[in-house]
Amino acid sequence: MRFAFVFLLGAALLSSPAAAQTGGNAIPTTTPGLTISLGTATPGGGFPLYGNAFSQAMNAADPQMIIAPRNTKGSNENIPLLEKGELDLALVAGEPAYEAFAGIGRAKVRLKILTAIYSNPGMFVVRADSPYKTIRDLVGQPVAFGAKGSGLPILARYVLDGLGLRQDEDFKAIYLDRAGDGPAMVEDGRVAALWGAGIGWPGFAAVASSVSGARFIAPSAEEIARIRAKHAFLKPLTVPAGSYPNQSEPIASLGSWSFVLTREDLPDDVAYRLAKTLHGVEPTFCKQLAQACETTAANTVAAAPKPELIHPGVMKYFREIGVVK
């Protein structure tokens, strides 16, 4: 998919995430503008929530460059769609991005990083009255590991592998058609736990807000050390106290950063303009969505596996503002 210049009325749709998420069609604009497609994930997960807020903040700041979010199956679909040029931008979780950049199980991608979006501390959530207290307690139990095609099951696979556990053999692994289906399955007992990641993740928020309440299960300090000894790219991360209802203590875990990636041939001037606009809306975006407080130029430089993976147009802007030399 390449940029489309559109002349349509439908101004109301410009501010409607629901309308944008119904498919890959360009969002109508009241004036000629550049429409950029943004792949997210299945409804009910963190990527559509973030993608809608990202689009709203960016479109308000630069209405001549319209970002149109589109539901997809998640990271594992977004990467090939970017490679084929059927998406301009897409949200991709840290683990699929790591594998794609490193060429693990596939050829290395030539995609580029527009921005780091937020860190993803991985953990399980169970009902507050559940008997399960540790990861080992969940062995043999039905566990929802996230939506098919999303990055969450990949993060879980690395975490569990570091503990000598096999996701599909040691658990009754369930993969969801829609990320939003998981919380109800925890509440009604169809699964013992739901795996997820991040601060403000909708699945965790839903379970924590339910009648039964929630308890979170993350790797212990000893388990984190074991996991990192085998998978050093995973970083220690903390979920601050109060990130979810009735979560009074911080939770130590580990994970990686998710990114907005671009297709390989996204023009430098477009990437520069996107980076400049995003940097300008950082304070507004943070107020709009808690997870977005981590979406900063400085975090992008720190989170990128290698500087050369950041889009050249973005790096040009970063040099201008002194984030990189």
Side-chain angles (χ1 to χ4, degrees), residues 41-50 52-53 93-94 117-139 141-147 150-153 155-156 159-160 163 171 174 176 178-224 227 234-258 285-295:
T42 60
F47 276 6
L49 178 69
Y50 181 94
N52 283 332
I117 60 176
Y118 50 67
S119 58
N120 285 290
M123 54 189 184
F124 296 94
V125 65
V126 299
R127 285 173 48 135
D129 59 1
S130 162
Y132 310 111
K133 302 293 179 64
T134 69
I135 293 175
R136 291 282 173 182
D137 291 341
L138 293 171
V139 170
Q141 301 301 318
V143 174
F145 282 105
S150 79
L152 286 175
L155 172 58
V159 168
L160 295 173
L163 299 176
F171 304 85
I174 296 171
L176 307 172
R178 292 165 47 98
D181 294 339
M185 298 176 72
V186 175
E187 177 67 11
D188 64 20
R190 279 177 286 167
V191 297
L194 171 66
W195 170 263
I199 298 166
W201 188 61
F204 286 162
V207 177
S209 301
S210 68
V211 174
S212 301
R215 184 171 65 252
F216 295 98
I217 299 176
S220 66
E222 182 272 333
E223 287 175 328
I224 289 173
I227 295 164
L234 296 176
K235 306 300 181 185
L237 298 169
T238 300
V239 179
S243 296
Y244 296 101
N246 302 313
Q247 179 214 337
S248 59
E249 299 293 332
I251 302 169
S253 188
L254 76 176
S256 61
W257 284 77
S258 293
F285 196 14
C286 177
K287 291 178 181 178
Q288 185 178 350
L289 185 70
Q291 299 93 308
C293 295
E294 294 187 293
T295 305

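Note that the coordinates shown come from a computational prediction; the quantities given were computed from them, not determined experimentally.
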With distance as the sole test, does Glu249 use its side chain to make a donor-acceptor pair with the main-chain N or O of Ile251 at under 3.5 Å?
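Flag not set: sc Glu249 to bb Ile251 has no pair under 3.5 Å.
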Short question: side chain of Arg178, backbone of Gly44 - any donor-acceptor pair under 3.5 Å?
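No: the side chain of Arg178 does not pair with the backbone of Gly44.
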Not counting sequence neighbours, list each pair that qualifies as a side chain to side chain donor-acceptor pair (under 3.5 Å) and has a residue in residues 185-214.
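Only Arg127-Ser212, Glu187-Ser210, Glu187-Ser212, Asp188-Arg190 qualify under side chain to side chain donor-acceptor pair (under 3.5 Å).
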Evaluate the side-chain proximity of [Y] to [X]: yes if any heavy-atom separation is below 4.5 Å, no if none is.
X	Y	value
Phe171	Leu160	yes
Ser253	Leu237	no
Asp137	Pro131	no
Ser243	Phe204	no
Leu155	Leu234	yes
Thr134	Glu223	no

side-chain contact (heavy atoms from CB on, under 4.5 Å), that's the test. Do Tyr244 and Val239 meet it? Break it down for me.
CA-CA 9 Å; Tyr244 296 101; Val239 179; 4.2 Å; yes
Mind checking what makes side-chain hydrogen bond (donor to acceptor under 3.5 Å, both in side chains) contact with Thr295, not counting sequence neighbours?
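Partners of Thr295 under the side-chain hydrogen bond (donor to acceptor under 3.5 Å, both in side chains) test: Tyr50.
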Identify, with sequence neighbours excluded, every residue that meets side-chain hydrogen bond (donor to acceptor under 3.5 Å, both in side chains) alongside Thr42.
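Once residues adjacent in sequence are excluded, Thr42 has no partner under the side-chain hydrogen bond (donor to acceptor under 3.5 Å, both in side chains) criterion.
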Just to verify, what does Tyr132 make a ring pair (Phe, Tyr, Trp, His ring centres under 6.0 Å) with, not counting sequence neighbours?
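Tyr132 satisfies ring pair (Phe, Tyr, Trp, His ring centres under 6.0 Å) with no residue once adjacent residues are dropped.
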Under the side-chain contact (heavy atoms from CB on, under 4.5 Å) test, which residues partner Glu222, sequence neighbours left out?
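side-chain contact (heavy atoms from CB on, under 4.5 Å) check on Glu222 returns Ser220, Arg226.
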Considering residues at least two apart in sequence or located in another chain, which fulfil the side-chain contact (heavy atoms from CB on, under 4.5 Å) criterion with Lys235?
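Residues passing side-chain contact (heavy atoms from CB on, under 4.5 Å) with Lys235: Arg228.
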Name of the residue among Leu194, Val186, Ile135 meeting side-chain contact (heavy atoms from CB on, under 4.5 Å) with Phe124
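Filter result, single survivor: Ile135.
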Check the pair Asn120, Leu152 against side-chain contact (heavy atoms from CB on, under 4.5 Å), reporting the backbone distance first and the verdict last.
CA-CA 9 Å; Asn120 285 290; Leu152 286 175; 5.7 Å; no
Please lay out, stage by stage, how Ser150 and Phe47 fare under the test side-chain contact (heavy atoms from CB on, under 4.5 Å).
CA-CA 10 Å; Ser150 79; Phe47 276 6; over 6 Å; no
